[in-house]
There are 2 protein chains.
Amino acid sequence: MQTLTIKDIAKALGVSTSTVSRALRDSHEINPLTKLKIIEYAKSIHFIPNPMAVSLRGKINKSIAIIVPTLHNSFFSEVIEGIDSVAHEKGYHLTIFQTHESFEREVEEIHQAIGRRVDGIAISISGSTNNFDHLANLVDAKFPLVFFDRVPDLTDTPKITIDNLTLAYECTQKIIDKGAKKIAHITTPLILKNIKERFDGFLKCLKDNSIDFDSNLLKVCHFDPKEAEEAVIELLKNDEIDAIFTGSDRITVDVFRVLKKLFPERQEKIFQFGFSNHNIVDLITPPILVVKQPAFQLGVVTAQNLLHNIECKSHNAWKKEDVRIR
Amino acid sequence: MQTLTIKDIAKALGVSTSTVSRALRDSHEINPLTKLKIIEYAKSIHFIPNPMAVSLRGKINKSIAIIVPTLHNSFFSEVIEGIDSVAHEKGYHLTIFQTHESFEREVEEIHQAIGRRVDGIAISISGSTNNFDHLANLVDAKFPLVFFDRVPDLTDTPKITIDNLTLAYECTQKIIDKGAKKIAHITTPLILKNIKERFDGFLKCLKDNSIDFDSNLLKVCHFDPKEAEEAVIELLKNDEIDAIFTGSDRITVDVFRVLKKLFPERQEKIFQFGFSNHNIVDLITPPILVVKQPAFQLGVVTAQNLLHNIECKSHNAWKKEDVRIR
DNA sequence: GTGAAAGCGCTAACAT
DNA sequence: ATGTTAGCGCTTTCAC
């Protein structure tokens, strides 16, 4: 690799390195002619300044960290596409960190990201994170940080979320309109705010329709298909159940699989509805009424907030308000 | 952010920065006691060396670029998981670049990656790349580069691929065994080697079964669902078609959609089979016989080859052979 | 308008 | 075994 430096340019053009540096950053205090000559030459040799040197010297890095539970997931990969579409335009690059739903990994990856001197972090917290000190520290230190989708209870930093409550409410209503009476809910632990909100929207809708919810109809599963299986088996002992609301992408698919495998005949008669961002979920039979989250848009707004704060000189002008995407 | 440096450690412990530096890199020529003291202290203050400084000074960066057409794709995101699993273990981080199937973007992103001084690049080339100079230059410059899945015709650098020919052959055989006689093939342009191989495997199987292939039954579509629709409509004018082989993930789903929308009655009678890495494709009806590529494993092998070459002192010992995954 | 020089945080000769 | 020093590529005072 040609590892050209401004020194090479300076030598070739018979000027000093500082002149080159200034010309390249389009400083006003420089002879337009020299400037032009330098810029032209730099372009001709495909010069790219060494970002290590730039960021060692200055402050910024033009890179942001994205911390997600996993990449291999239709929702998160679409969010990242949204983030990238904004970041790319502004010349930022993404470094990806995965936590695999582990709290320890999350703490470690944040350390790594900071260590790598990223300019900011966009994070969707892991499913097992219930202590937020590592994140609160960042906020206290005024480090540019934006939460998306899975957000903790922290103030003073933007949290970009989807209006889960309303989405859950609306699709529950549709199912009730179709005549469902006895609706079960299978979901992941209610630690995560967005998951909790879906449950709340569901409950609110039942209430508004004067249906009361038997707490036996709520099943909480961790990230293991086995648990979904047990939950379904347990629930279906109740013959009256005519609908199942699933609270997350994975659970939606897991439950569908269990029904198909163990209770094909009952699956025909049970409405399943829930959250999923799988882009071929509309092709499966029997159909599931699916709530698709606006993932790309979530990514766009997340990036906008983060980049605003990164590039904002004064901390007072930082965006700190929560944003809800519909 | 506390931006601690070795200087801080040196001052706190009353030693010189070089002693600290050496202790932290576990140099043998240092007093075990001082070493211990320094390491302990560094740990206690959560010290992470500034990677910018490290890589400015030395050579390596502990980061690799992943260049893919798009992230939001079950196959690529799973490959990246595989790459990350190996890279993470060795302390490398991934910076992701997307080309969105554009040749220009690919050239630009490679420049960016080099500019960022990544230690190596793993790339799956864009669907519209038919000039390989930008890649050949990297190989000539002995820059660590590994191709995966979508590989160009270049020598002297590893190409990690899936044995598409065999996979295509095997599933074609299964369909023939079920009685199919008139099998159409819908695929993306045959520029990409892996796509071409699938076609070849398909043809070979037909030949081995003494079925001859009418070239009218081959339809090539670009990355637009419209084209898939036209292809299907055109093909189904032929009543004898009893099976359709789809050559890529996207095409598989697009074709299924068109059939479902426009020809539901014929869909029942036509075997569809093809490549897809969608993890819920087994749930759709009528079922598609699906070839799932070992994406994670592909990622693992890609990372192993790349990291080997990055960390290898002598260029002679570089891995350069192609690897085929089954 | 341009150059000389210092320094960002770190490592690796080169001393001692 | 440890300290001193130079320098990686760049930006930015401070001179002129």
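This is a predicted model, so every value here is computed, not measured. In what follows, chains are A, B, ... by sequence order, proteins preceding strands, each numbered from 1.
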Using a 4.0 Å heavy-atom cut-off, does B:S55 contact any base of the nucleic acid, only the sugar-phosphate backbone, or nothing at all?
nothing

Can you check whether B:T34 has a side-chain N or O nearer than 4.0 Å to OP1 or OP2 of D:dT2?
yes

Can you check the A:L36 CG to C:dG1 P distance for me, whole Å?
16 Å

In whole Å, what is the span from the CD1 atom of B:I48 to the P atom of C:dG9?
15 Å

Could you state the NZ-P distance from B:K11 to C:dC10, rounded to the nearest angstrom?
13 Å

On DNA chain D, does the nearest nucleotide to A:K7 precede the nearest nucleotide to A:T19 from the 5' side, or the other way round? Give the residue.
A:K7

Are the side chain of A:K62 and the backbone of A:S55 linked by a donor-acceptor contact shorter than 3.5 Å?
no

A:S21 side chain: which of C:dG9, D:dT12, C:dA12 is closest?
D:dT12

Check each of B:I114, B:T95, B:V146 against B:I121 using the side-chain contact (heavy atoms from CB on, under 4.5 Å) test, and report the only one that passes.
B:I114

So the ring-ring contact (aromatic ring centres under 6.0 Å, His included) pairs with at least one residue in residues 302-322 of chain A (sequence neighbours excluded) are A:H315-A:W318

Among D:dT4, D:dG9, C:dT11, which nucleotide has an atom closest to any side-chain atom of B:R57?
C:dT11

Between A:H28 (NE2) and C:dT2 (P), how many Å, whole number?
13 Å

Round to a whole Å and report the spacing from CD1 of B:I6 to C1' of D:dT4.
13 Å

Given atom CZ of A:R117 and atom P of C:dC8, what is their separation to the nearest angstrom?
14 Å

Below the 4.0 Å mark, does C:dG9 have OP1 or OP2 next to a side-chain nitrogen or oxygen of B:T5?
no

Distance-only polar pair, side chains of B:Q112 and A:H88, donor-acceptor under 3.5 Å:
no

How close do B:R117 and A:L4 get, counting heavy atoms only, and between which atoms?
NH2-O, 4.2 Å

Note: B:S27 and B:K35 closest approach over all heavy atoms is O-NZ, 3.0 Å

Which atoms form the tightest heavy-atom contact between B:F103 and B:N131, and what is the distance?
CE1-O, 3.4 Å

Shortest side-chain distance from B:L56, nucleotide among D:dC10, C:dC10, C:dG9:
C:dG9

In whole angstroms, how far is the P atom of C:dG1 from the CG atom of A:D26?
14 Å

Determine yes or no for a side-chain-to-main-chain donor-acceptor pair under 3.5 angstrom, with B:D149 supplying the side chain and B:T161 the backbone.
no

To the nearest 10 degrees, how far apart in direction are the end axes of the helix from C:dG1-D:dC16 to C:dT16-D:dA1, each fit to five base pairs?
50°

Neighbour count above 12 (heavy atom, 6.0 Å) for B:E40 CD
yes

Grab the CD1-P distance between B:I38 and C:dT11 for me, whole Å please.
12 Å

Closest to the side chain of B:V15, out of C:dC10, D:dG3, C:dG9, is D:dG3

Listing time: all N or O pairs from protein to nucleotides 13-16 of chain C that are below 3.5 Å?
{"unit_1": "C:dA13", "atom_1": "N6", "unit_2": "B:R22", "atom_2": "NH1", "d": "3.3"}

Would you classify B:I30 as touching base, sugar-phosphate or nothing, given that sugar-phosphate means primed atoms plus P, OP1 and OP2, and contacts are heavy atoms under 4.0 Å?
sugar-phosphate

When you look at NZ of B:K320, are more than 12 heavy atoms from neighbouring residues, nucleotides or ligands closer to it than 6.0 Å?
yes

